[in-house]
Amino acid sequence: MTAHLAIYGCQQNQADGDRLRGMLLAMGYTMTDDRAGADLVVLVTCAVRKHAETRLLGHLGTYLHKGKPGRKVVLCGCMAQREEVRELLRKRYKQVSLSFGPADLGRFPEYLRRLMTEGGRHIITSPDTAPIEEGLPIARLIDPEINRANVTIMTGCDNYCSYCVVPYVRGRERSRAPEAVLEEVRGLVEDGVGEIWLIGQNVNSYKPDFPDLLRACASFEGNYQLRFMTSHPRDAGRRLFEAMASSPRIAPVLHLPAQSGSNAVLKAMNRGYTREDYLEKIRLAKETIENLTLSGDVIVGFPGETEQDFLDTLSLLEEVRFAKLFTFQYSARAGTPAAELTETLSPGEMKERFMRLLEVQKRIEEELGG
Ligand code: SAH
Ligand code: SF4
């Protein structure tokens with residue numbers, strides 16, 4: 001039996017994909033790149049923006065119903081945990097015979113076995129507090145050129161930024177035990193992996209303590225560098241920056257999503273910091289970490305964003321000078337508080353601000369590069 005695994009979205013999904021691949025191999029499947037010829041297709045999906053969801057449903061509609069007779073399609077990842085999506089699966093996308101959310105990863109073999117023995121369709125609502133399961137087989141695809149691997153350290157999110165669907169689909173914040181993380185990192189170092197990423201929706205909320213974990217992960221003998229994703233600006237501070245500066249095994253690279261440069265918008269987003277807080281953290285990080293490379297995320301067109309709010313975001317970019325910026329057009333997600341806000345930009349205004357943002361960032365990158 002062959003299985004095709006397609007992973008969309010963030011690095012947390014990539015890390016989940018390594019576990020799904022591990023479980024598939026342990027169940028005796030052979031992995032294949034050939035989606036049409038596979039006996040089983042497993043889709044790890046993203047729900048952060050509507051666009052990603054629409055595209056994935058388009059895939060399901062247009063060509064997933066073709067392919068090998070008897071082929072089964074499994075939909076997991078963040079989309080699978082959205083009620084609207086489950087409703088669509090039940091009513092319309094009947095080619096999907098199993099779906100379950102990201103909090104339930106470890107039960108995949110059980111769910112799949114049930115599908116294979118009982119047949120029928122299993123559209124499952126996952127619990128949002130299930131602990132991250134230890135001992136699942138992990139099968140990473142490590143590109144020898146890049147030689148990097150992800151290690152999940154925590155999952156879920158309790159921050160409830162007003163625009164974001166993640167807390168609703170990935171469930172409550174849960175951390176892995178430091179011993180389990182260290183064991184995994186040690187194994188990767190022994191295998192000669194050069195770039196090890198510690199992954200979580202909000203690594204600064206790692207319990208008991210992220211800076212301590214980072215230092216401990218950097219303590220192994222070997223030629224490797226650590227990176228991490230994502231840091232929340234509210235919880236990142238001096239202890240984190242000092243930990244980063246403490247070892248050459250921690251890359252001087254910080255991804256710190258600002259989302260906006262306007263205090264009114266940050267407040268409406270429920271981000272828990274002001275523009276001034278953010279800039280102070282950036283100043284401290286630059287002062288503490290030599291040769292620091294900064295990246296960030298920005299959302300354009302949050303409901304109620306005025307021209308002045310937007311200009312505040314542009315001026316934040318000028319002050320920080322990110323080496324790389326991930327830019328997003330606001331996308332209303334059902335069930336989030338921001339989706340109730342009605343003062344939205346027209347598509348034309350959205351596009352116009354987005355283009356101006358890209359232009360400013362492009363110039364900054366050119367200046368940094370040159
Ligand atoms: N936990 C991380 C990021 C999670 S989602 C953090 O807090 O930074 C990754 C990025 O997608 C976010 O940083 C944000 O910029 C963007 N994003 C999330 N929800 C969005 C939405 N509804 N519309 C547009 N962009 C969104
Ligand atoms: Fe979403 Fe905010 Fe949590 Fe990031 S911190 S995952 S943006 S709710």
Side-chain angles (χ1 to χ4, degrees), residues 8-16 45-55 77-79 81-82 84 102-103 128 152-175 197-206 210 228-236 240 254-262 265-273 278 281-282 294-305 310 313 316-317 322 324-341 344-345 347 350-351 353-354 357-358 361:
Y8 302 88
C10 68
Q11 293 202 52
Q12 184 109 46
N13 274 5
Q14 295 292 337
D16 287 354
T45 60
C46 173
V48 166
R49 269 157 286 129
K50 191 174 175 68
H51 180 64
E53 259 185 32
T54 314
R55 211 170 39 194
C78 292
M79 267 177 79
Q81 189 68 0
R82 297 218 315 112
E84 291 86 341
D128 69 356
T152 298
I153 65 164
M154 50 96 61
T155 189
C157 183
D158 291 349
N159 282 322
Y160 293 98
C161 300
S162 62
Y163 52 82
C164 184
V165 79
V166 168
Y168 307 92
V169 290
R170 281 203 170 261
R172 304 288 51 76
E173 238 162 54
R174 289 146 284 157
S175 298
W197 287 68
L198 307 180
I199 302 293
Q201 286 305 332
N202 179 13
V203 293
N204 305 115
S205 294
Y206 176 81
F210 184 63
F228 52 91
M229 189 108 151
T230 298
S231 260
H232 191 294
R234 187 196 54 217
D235 310 316
L240 173 67
L254 181 64
H255 181 67
L256 202 62
Q259 311 302 4
S260 170
S262 148
V265 174
L266 286 171
K267 186 150 194 286
M269 286 177 164
N270 191 31
R271 287 292 284 179
Y273 54 86
Y278 184 86
K281 293 195 186 204
I282 293 289
L294 283 164
S295 58
D297 294 351
V298 163
I299 299 176
V300 170
F302 185 83
E305 181 190 82
F310 176 66
T313 295
L316 184 99
L317 301 191
F322 294 102
K324 189 164 173 51
L325 189 68
F326 298 88
T327 48
F328 303 100
Q329 301 182 25
Y330 169 73
S331 167
R333 306 310 285 131
T336 63
E340 309 292 316
L341 304 173
T344 48
L345 296 185
M350 177 76 90
K351 179 114 196 276
R353 281 191 194 165
F354 190 65
L357 180 84
L358 293 184
Q361 179 58 23

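Along the sequence shown, residues are numbered consecutively beginning with 1. All values below were derived from every heavy atom in this structure, side-chain atoms included, with hydrogens, water molecules and symmetry-related copies excluded. Both ligands and their constituent atoms are indexed starting at 1 by order of listing.
When only interatomic distances are considered, the shortest N/O to N/O separation between Asn202 and ligand 1 does not fall below 3.5 Å. Inclusion of Asp297 in the set of residues having an N or O under 3.5 Å from an N or O of ligand 1 is warranted. The N/O atoms of Thr230, backbone and side chain alike, include none that comes under 3.5 Å of an N/O atom in ligand 1. The shortest N/O to N/O separation between Tyr163 and ligand 1 falls below 3.5 Å.
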For Tyr278 and Arg234: C-alpha separation, side-chain torsions, deciding distance, then whether side-chain hydrogen bond (donor to acceptor under 3.5 Å, both in side chains) applies.
CA-CA 8 Å; Tyr278 184 86; Arg234 187 196 54 217; over 6 Å; no
Worked check of salt bridge (Lys or Arg N to Asp or Glu O under 4.0 Å) between Glu84 and Arg333
CA-CA 11 Å; Glu84 291 86 341; Arg333 306 310 285 131; over 6 Å; no
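Protein heavy atom in closest approach to atom 15 (O) of ligand 1: Gln259 OE1, 2.8 Å. The protein heavy atom nearest to atom 5 (S) of ligand 2 is Asn159 ND2, 3.3 Å. For atom 8 (O) of ligand 1, the closest non-hydrogen atom of the protein is Pro257 CG, 3.0 Å. For atom 25 (N) of ligand 1, the closest non-hydrogen atom of the protein is Phe328 CB, 3.5 Å. Annotation: atom 24 (C) of ligand 1 to nearest protein heavy atom, Gln329 O, 3.4 Å. When only non-hydrogen protein atoms are considered, atom 1 (Fe) of ligand 2 lies nearest to Cys164 SG, 2.3 Å. Of the protein's non-hydrogen atoms, the one nearest atom 23 (N) of ligand 1 is Ser331 N, 3.0 Å. Scanning all protein heavy atoms for the shortest distance to atom 17 (N) of ligand 1 gives Val48 CG1, 3.6 Å. Ranking protein heavy atoms by distance to atom 7 (O) of ligand 1, first place goes to Arg271 NH1, 3.3 Å. Nearest protein neighbour of atom 26 (C) of ligand 1, counting heavy atoms only, is Ile299 CD1, 3.7 Å.
Contact detail for Ala236 and Leu256: the closest heavy-atom pair is CB-CD1, 3.9 Å. When every heavy atom of Gly261 is checked against every heavy atom of Thr313, the shortest pair comes out as N-OG1, 3.0 Å. Here the shortest heavy-atom pairing between Arg82 and Ala47 reads CD-CB, 4.0 Å. In terms of heavy-atom proximity, Asn204 sits nearest to His232 at OD1-N, 2.7 Å. Among all heavy-atom pairs drawn from Met229 and Val203, the shortest one is O-CG1, 3.5 Å. Between Ala258 and Tyr273, the closest heavy-atom pair is O-OH, 2.7 Å.
When non-hydrogen atoms are compared, ligand 1 lies under 4.0 Å from the side chain of Arg49 (C-beta onward) but not from its backbone. With a 4.0 Å heavy-atom cut-off, ligand 1 is reached by no atom of Met229. Heavy atoms of Gln201 found under 4.0 angstrom from ligand 1 belong to the backbone as well as the side chain. Only the side chain of Val166 comes within 4.0 Å of ligand 2, judged by heavy-atom distances. For Pro257, no heavy-atom contact with ligand 2 is shorter than 4.0 Å.
Atom numbering of ligand 1 starts at 1 in the shown order; those under 4.0 Å from a heavy atom of Arg333 are 22 (N). Per-residue contacts place Tyr330 under 4.0 angstrom from the following atoms of ligand 1 (heavy atoms of the residue considered): 23 (N), 24 (C). Atoms of ligand 2 lying under 4.0 Å from any heavy atom of Cys157, numbered from 1 in the order shown and given with element: 3 (Fe), 5 (S), 6 (S), 8 (S). Interface atoms of ligand 2 facing Gln201, defined by a heavy-atom separation under 4.0 Å, are 6 (S). If you number the atoms of ligand 2 from 1 as listed, the ones under 4.0 Å from a heavy atom of Arg271 come out as 2 (Fe), 7 (S). The ligand atoms of ligand 2 that sit less than 4.0 angstrom from a heavy atom of Tyr163 are 7 (S). Near Tyr160, with a cut-off below 4.0 Å to any heavy atom, the atoms of ligand 2 are 8 (S). Of all the atoms in ligand 2, the ones that sit under 4.0 Å from a non-hydrogen atom of Pro167 are 8 (S).
Formation of a donor-acceptor pair under 3.5 Å by the Arg174 side chain with backbone atoms of Arg172 is found in this model. Looking only at distances, a side-chain donor or acceptor of Asp158 sits under 3.5 Å from a matching main-chain atom of Glu173.
Between the side chains of Ser162 and Asn270, no donor-acceptor pair of N or O atoms lies under 3.5 Å. Defined by atom type and a distance below 3.5 Å, a donor-acceptor pair is missing between the side-chain atoms of Arg49 and Tyr163.
A distance of 6.0 Å or more separates the ring centres of Phe328 and Phe354. A distance below 6.0 Å separates the ring centres of Phe326 and His255.
Residue-ligand proximity: Val166 is placed with every non-hydrogen atom at 4.0 Å or more from ligand 1. Note on ligand 1: Gln12 sits outside its first shell, no heavy atom being nearer than 4.0 Å. Heavy-atom separations between Gln259 and ligand 2 are all 4.0 Å or longer.
Cys161 lies close to atom 2 (Fe) of ligand 2, since one of its N, O or S atoms is found at a distance under 2.8 Å. For residue His232, no N/O/S atom approaches atom 3 (Fe) of ligand 2 to within less than 2.8 Å.
Electrostatic pairing of Asp16 and Arg170 counts as a salt bridge here, judged by a charged N lying under 4.0 Å from a carboxylate O.
A 4.5 Å side-chain heavy-atom check between Thr344 and Phe302 finds every atom pair outside the cut-off. Under the 4.5 Å side-chain criterion, counting only non-hydrogen atoms from C-beta, Pro102 is in contact with Gln81. Using a 4.5 Å cut-off on side-chain heavy atoms (C-beta onward), Arg271 and Pro257 make contact.
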